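Reading through the structure tokens given below for one structure.
Please read all numbers here as calculations on a predicted model, not as lab measurements. Note that these values count all heavy atoms, side chains included, but never hydrogens, waters or copies made by symmetry. Convention: sequence-line order gives letters A, B, ...; per-chain numbering from 1.
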Amino acid sequence: MPELPEVEVVRAGLARWMTGTRIESVDVLHPRPVRRHQAGAADFAASLAGTSVVDVVRRGKFLWCELDSGQALLAHLGMSGQLLLRSQGAPDERHLRVRLRLAGGPDGAADGVARELRFIDQRMFGGLAVTSLVPTPDDLPAGRGGTGAVNWTSAVGGMTRSTGMTASSSALLPPPVLHVARDVLDPLLHEKALVARLRARHTAIKRALLDQTLVSGIGNIYADEALWRARMHGERPAQALTRPAVVRLLGHVRAVMTQALAQGGTSFDALYVNVNGESGYFERSLAVYGREGLPCRACGTPVRREAFMNRSSFSCPRCQPRPRPRRDARLR
DNA sequence: AATTAGCCCTGATTGC
DNA sequence: TGCAATCAGGGCTAAT
């Protein structure tokens, strides 16, 4: 399941091989993955034909190609989405949904072989769309811009781009991404404000970590891994956590994602945009996720699995004790 | 306004 | 053997 590290690996691969290419033609093989493109599949294809990729940018789990038309090709991998660069004529993958035929390319790719960018998605929670790009003042929720706590120059940009980790001149986002907060690897993340917002939530800390409007890029896997490293149960009320505890937790989120990113960066095929969110190298490094009944890597206690929002949470019963039921603070 | 439940999807696996 | 239930889960929408 692609979370921040996996999406960043894809973004980097696309930036390397897509920048400077022209999209010649587009086949939409299944309507669902382009459902977010309001004008329909035909318009989706027509909007892309003839445009060239200027840059590839990411925010949280969204990524997009900036096009010379001024628009963006927005992508989300959902649960099972992949973006693969293939040679034209290579056999279609089983769940191939969208095909983009490419021409041209960066230096080093000019071997005369025509390529395609393929969107493959079994479950089709992900998708593609062509959108506008709109300026955004900062990463605060809509209507709360300009509080003075964050100045313009430090607030603008913050998407991960192929040219570096920050944007200087253009702080342009696709409208569907406007509500997405920065991630823990973003140098422009306002960490102090994030800690305050997390601690203000009337919910469990794991739910807060998964809320993309607070901090982006974290999914079920890395939430569980970071909580284990912090020796903290995900049901702990966010409000009851001390400031240092939240800072430590975010440090663990950052550390586990950095390690995963480093391992995901080992690509075996230069033209394969590695989207192995499910079978990446990092899987062997997981401490608790998917390891029900297996020994905790810290203390040996069998890993526990609990229901959580119609899915699962994995934790160590000993390292991460469940919080005691707490009387409502207002009643005391 | 903030928070939460339900829905969307398909294929592999499990249960009867 | 065959069919149905279960699970995977990010993001969006509706409900509270």
Checklist entry - Between C:dC12, B:dT10, B:dC9, which one does the side chain of A:R32 approach most closely? => result B:dC9
Checklist entry - Hey, does A:R94 reach any base, or is it just sugar-phosphate, or nothing, if we go heavy atoms under 4.0 Å? => result sugar-phosphate
Item to check | Carboxylate-amine/guanidinium proximity below 4.0 Å for A:E191 and A:R254 | outcome: yes
Next on the checklist: Counting only side-chain nitrogens and oxygens, does A:Q212 get under 4.0 Å of the OP1 or OP2 atom of C:dG10?
Outcome noted: no
Checklist entry - How large an angle, rounded to 10°, do the end axes of the helix from B:dA2-C:dT16 to B:dC16-C:dG2 enclose when each is built from five base pairs? => result 60°
Item to check | Closest listed nucleotide, where the reference is the side chain of A:K61 and the choices are B:dG11, C:dG10, B:dA5 | outcome: C:dG10
Checklist entry - Rounded to whole angstroms, how far apart are CZ on A:R123 and P on C:dC12? => result 18 Å
Checklist outcome for this item: Minimal heavy-atom distance between A:V288 and A:F314, with the atoms involved, is O-CB, 3.3 Å
Next on the checklist: Measure CG/A:L77 against C1'/B:dT10 and give the value in whole Å, please.
Outcome noted: 17 Å
Checklist entry - Starting at CD of A:E292 and ending at P of C:dT6, how long is that distance when rounded to a whole Å? => result 17 Å
Checklist entry - Is there side-chain contact between A:I218 and A:M257, with heavy atoms separated by less than 4.5 Å? => result yes
Checklist entry - Where the side chain of A:Q122 is defined as all heavy atoms beyond and including C-beta, which of C:dG11, B:dC9, B:dG11 is the nearest nucleotide? => result B:dG11
Checklist entry - B:dA5, B:dA12, C:dG11: which one has an atom nearest the side-chain heavy atoms of A:R207? => result B:dA5
Item to check | Step-by-step side chain to side chain contact (heavy atoms under 4.5 Å, CB included) determination, A:V98 to A:F44 | outcome: CA-CA 11 Å; A:V98 181; A:F44 172 83; 4.0 Å; yes
Checklist entry - With a 4.0 Å cut-off on heavy atoms, is A:F308 in touch with a base, just the backbone sugar-phosphate, or nothing at all? => result nothing
Checklist outcome for this item: What one should report as the nearest heavy-atom pair of A:R115 and A:S87 is NH1-OG, 3.3 Å
Next on the checklist: Between C1' on B:dA1 and NE2 on A:H179, what's the gap in Å once rounded to a whole number?
Outcome noted: 17 Å
Checklist entry - Looking at A:Q212, A:R59, A:R58, which hits side chain to side chain donor-acceptor pair (under 3.5 Å) with A:D183? => result A:R58
Item to check | Atom-pair distance (CZ on A:F314; C1' on C:dC7), nearest Å | outcome: 11 Å
Checklist entry - Of the candidate nucleotides C:dG11, B:dT3, B:dT10, which contains the atom at the shortest distance from the side chain of A:H95? => result B:dT10
Checklist outcome for this item: Which of C:dG11, C:dC12, B:dT3 is nearest the side chain of A:R36? It is C:dC12
Checklist entry - Between A:L4 (CG) and C:dG10 (C1'), how many Å, whole number? => result 14 Å
Item to check | Rounded distance in Å - CD1 (A:I120) to P (B:dT10) | outcome: 17 Å
Checklist entry - When you measure from the side chain of A:T203, which nucleotide among C:dG11, B:dA12, B:dT4 comes out closest? => result B:dT4
Item to check | Student check: side-chain heavy atoms of A:L227 and A:L209 closer than 4.5 Å | outcome: yes
Item to check | base_contact_polar (C:dG10 base, A:R311 side chain, donor-acceptor, <3.5 Å) | outcome: yes
Checklist entry - Do A:L286 and A:E225 come within less than 4.5 Å of each other through their side chains, counting heavy atoms only? => result yes
Checklist entry - Would one find a side-chain N or O of A:R201 under 4.0 angstrom from OP1 or OP2 of B:dA2? => result no
Checklist entry - Pick the nucleotide of DNA chain B nearest each of A:M124 and A:M309; which residue has the one closer to the 5' end? => result A:M309
Checklist entry - In whole Å, what is the span from the CD atom of A:Q239 to the P atom of B:dA2? => result 13 Å
